[in-house]
Number of protein chains: 2
Amino acid sequence: METIPYSGDMGGWGGPVRWEASADGVCERPVSRAATIKDVARRAEVGVATVSRVLSGSGPVSPATRERVLRAVRELEYRPSALGRSLKTQRTGSIGLVVGEITDPFCAELAAGVLACARTLGEHVLLDAAHDDPAREAEIVDRLVEQRVDGIIAIPTGHGDRWRAAMRAGVAVVFADRAPAELPEIPSVLADDAAGVRSAVEYLAGLGHRRIGFLGTTAPGAAPGTDAGVREATFRTALAERGLAPEEDLVVRARPSRDSAFAAAAGLLQRRPDLTAVLAATHLLGEAAVLVARELDLRIPADVSIVMVDDVPWAELCDPPLTAVARPGRDMGYRACEVLLRDPARRERGRPVVLPTELVIRGSCGPRTGMPGGAARSARTR
Amino acid sequence: METIPYSGDMGGWGGPVRWEASADGVCERPVSRAATIKDVARRAEVGVATVSRVLSGSGPVSPATRERVLRAVRELEYRPSALGRSLKTQRTGSIGLVVGEITDPFCAELAAGVLACARTLGEHVLLDAAHDDPAREAEIVDRLVEQRVDGIIAIPTGHGDRWRAAMRAGVAVVFADRAPAELPEIPSVLADDAAGVRSAVEYLAGLGHRRIGFLGTTAPGAAPGTDAGVREATFRTALAERGLAPEEDLVVRARPSRDSAFAAAAGLLQRRPDLTAVLAATHLLGEAAVLVARELDLRIPADVSIVMVDDVPWAELCDPPLTAVARPGRDMGYRACEVLLRDPARRERGRPVVLPTELVIRGSCGPRTGMPGGAARSARTR
DNA sequence: TTGAAAGCGCTAACAG
DNA sequence: CTGTTAGCGCTTTCAA
């Protein structure tokens, strides 16, 4: 048993204390380390098992003993170490959350949902951002596995290997928002993007628009089944169903950065002054479309109608307010967490949970005008 | 030593395997648990200490042994458990981050900064949101202490007790964005809100505005030294310096919710149709001001000029784009993490790190007009 | 250069 | 009802 230097004038405190020289090396002062279950047991004059029983509420303890233990706990400000417990129980009570970029409103919304659910279930959340970089994602997953998280919720960007490795290591995984086709065995919680895009196209077509531009994203892995793929594919299908030939020239893709989005929007709007509506597949693309339209002196919706996927707070503040396909980010996060933590059955089957989207109609779309202002537009070159 | 059921046809795999009945109780299949350092040692036919040495790169190991160990690691897909290591080393390599609400753009920006710095330092980030609720904050801090995080970065909302307890438990704490006056011993990283508000007031005053409204927040703890307090106090001071009597009627406070912000803005703008400019102390208040102005058919900036504290993405998208006091949220997060993890000296002293703000001038402010349109405004009552 | 062994703080049998 | 004890997976002396 270790011996602990004991200070007489501490009134028999009995807590863990050690003496350490302070930085200046002159005056010494007591530095307390966190109390352990042993310290509590010693002070309450009971065994460590009893302390554990009292604290976890398992097993029988006499009221008198319980009181003694609780008093010791209070006096020592004892906080059981999750480390010891986790090592023993093989459960850490924490989950990993891997998003693209936490400052992205959708990711943040999803994170909020995860946080809310995790809280009700008493779990901690380890957050990290992969920035759409598969290598970084792989590294994050590795580290999360080392931390022995009980599970991982991710908006995946990379390929299958690392995720399979995680599952082999015994870590449950649930995807949110995206579900790589190569990993059908991993359960996922998605928004019904297809329905969302379809509703947007139908809305625009119903307004009389015939030449609709599409601002999409280059799928990182270019894997079919990726959200970008779904949105673009649905756009084409929906158009075709209406008997509108999907002109290749009207579909442009950008990388997920503001610059790239802006360039894509500028390219589209300048190259095709004849289009009367734009469907932006992400809020970044929607933002770019609005900015570019403004730059080109295009009036919204008189000259060009705009719809975007993802309803973010600024959609309401925009002038005119932007029509958008709302996706339930928070619900998706909450649901993903539920699937991960309390729905092993569903996890087993791996069929995706699909949550509905909603077309929120505001003021950014109008009927196709006879004169789309092509002359004025082509005259200006940003 | 434990005995492990061994399956002949696994080709002498030697990894940790146990047999478990699957859910349906019919077919049995092998369920692997994560390999431990012992498994690796056994497979490489060395002692666990050697494995540890190889993996941590400490101590001398012969090339041959090292190779054998690394091969075993590879074959078993061994990932050292952070639990075991943390328990031994008394460092978890993770920090806690407590924000108000992760969907708040400023909080998210700050979180991104923390994430970035934590990553370079190899630390994990445990995220939680206190939702401006001191009780919740206290609970989160308690749990973080149980997790034995190496430190905590927080945008604090509650009172001192819990934070002091955390420090007593040996957890370093750094505040970001706010620094309760009651806890001067805890280091903090702040934005120079006073300078920011002052620059905004001077800008408006320079434009000729005399009756400037202030939309502020009710400080949760009402403690002086809180950001809300600083912003409002600075507003009054700056006004007074300009010889403008700070009319009580022109200062209103809201709780940090959209509804409350909207109500406050509506109240101010309706009650005082004579004011020509508004300074919003948060982006939520700025949003409310814009929405209310639009609702009341007030033109920005012709009828009313608006400046807000916190430059968020939508400020640029607003029409007209909103002039704002930019605060370096990401830098603050990064810096806070640095102070926490690699600047114990500064932590010791506890003098706040103050980062500069910048007035980003866009189109939402104009010179005071002779006729502020009071008649038209008071006629309408939302 | 290597291995054995002692814990880190906790829980969960298992005896009393 | 309560205490003793054996690990959980790892690092780290200390000998060999």
Side-chain angles (χ1 to χ4, degrees), chain A residues 1-4 15-16 18 33-69 72-73 76 78-93 145-148 150 169-170, chain B residues 1-4 15-16 18 33-69 72-73 76 78-93 145-148 150 169-170:
Chain A
M1 168 170 287
E2 62 175 335
T3 56
I4 294 178
R18 67 166 177 249
R33 68 172 161 77
T36 77
I37 199 173
K38 266 193 202 159
D39 299 315
V40 177
R42 204 177 312 154
R43 191 166 223 281
E45 300 177 289
V46 299
V48 290
T50 303
V51 177
S52 180
R53 271 184 222 113
V54 170
L55 260 27
S56 67
S58 71
V61 186
S62 84
T65 327
R66 140 170 279 108
E67 208 29 73
R68 284 226 309 292
V69 170
V73 165
L76 296 180
Y78 170 66
R79 299 267 143 228
S81 160
L83 284 161
R85 184 188 311 134
S86 300
L87 189 56
K88 179 68 186 175
T89 61
Q90 300 289 60
R91 273 195 85 257
T92 52
V145 170
E146 284 201 1
Q147 293 292 319
R148 297 293 189 269
D150 297 336
Chain B
M1 169 170 287
E2 61 176 332
T3 56
I4 294 178
R18 64 165 178 250
R33 67 171 162 77
T36 75
I37 197 172
K38 265 194 202 156
D39 299 314
V40 177
R42 205 177 312 154
R43 191 164 223 281
E45 299 179 289
V46 299
V48 291
T50 304
V51 178
S52 179
R53 270 183 222 114
V54 169
L55 261 27
S56 67
S58 71
V61 185
S62 83
T65 324
R66 139 172 280 107
E67 209 29 72
R68 284 226 310 292
V69 169
V73 165
L76 296 180
Y78 171 66
R79 300 267 142 227
S81 160
L83 285 163
R85 182 189 308 133
S86 299
L87 188 56
K88 180 66 186 179
T89 62
Q90 299 290 61
R91 273 196 85 256
T92 51
V145 169
E146 286 200 0
Q147 293 292 320
R148 298 294 189 267
D150 297 337

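Here is how names work: the chains are called A, B, and so on, in the same order as the sequence lines, proteins then strands, and each is numbered from 1.
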Out of C/dT2, D/dT2, C/dC8, which has the shortest distance to the side chain of A/V61? D/dT2
Base, backbone or nothing for each nucleotide of nucleotides 10-16 of chain C, written B, S, -, heavy atoms under 4.0 angstrom, 5' to 3'? BBBB---
Choosing from D/dG9, C/dT2, D/dT2, which nucleotide comes nearest the side chain of B/P60? C/dT2
Over the length of the helix from C/dT1-D/dA16 to C/dG16-D/dC1, how much do the five-pair end axes diverge, rounded to 10 degrees? 50°
Whole angstrom is fine here: how far is it from CZ in A/R42 over to P in D/dG3? 15 Å
Would a 4.5 Å heavy-atom cut-off, applied to side chains only, mark B/R148 and B/Q90 as touching? no
For A/Y78 against A/L55, the heavy-atom pair lying closest together: CE2-CD2, 3.3 Å
Keeping the roles fixed (side chain from A/D150, backbone from A/R91), state whether a donor-acceptor pair exists under 3.5 Å. no
Could you check whether B/T65 gets within reach of a base, just the sugar-phosphate, or nothing at all, counting any heavy atom under 4.0 Å? sugar-phosphate
B/R68 side-chain N/O to B/A44 backbone N/O, donor-acceptor pair under 3.5 Å: yes
Contacts of A/R85 meeting side-chain contact (heavy atoms from CB on, under 4.5 Å) (sequence neighbours excluded), chain-then-number -> A/P80, A/T89, B/E146
For the atom pair CG (B/L83) and OG1 (B/T92), what is the distance rounded to the nearest 0.5 Å? 10.5 Å
Spacing of A/S81 atom OG and B/L87 atom CG [to the nearest 0.5 Å]: 6.5 Å
Could you measure the distance from the CG atom of A/L76 to the CZ atom of A/R42? Nearest 0.5 Å is fine. 9.5 Å
Is the phosphate of D/dC1, meaning OP1 or OP2, less than 4.0 Å from a side-chain N or O of A/S62? no
Just so I know, are the side chains of A/T65 and A/V54 near enough to count as touching, which here means a heavy-atom distance under 4.5 Å? no
Is the phosphate of D/dT11, meaning OP1 or OP2, less than 4.0 Å from a side-chain N or O of B/Q90? no
Can you check the B/L76 CG to D/dG9 P distance for me, whole Å? 14 Å
Provide, to the nearest angstrom, the distance between the CD atom belonging to B/E67 and the P atom belonging to C/dT1. 16 Å
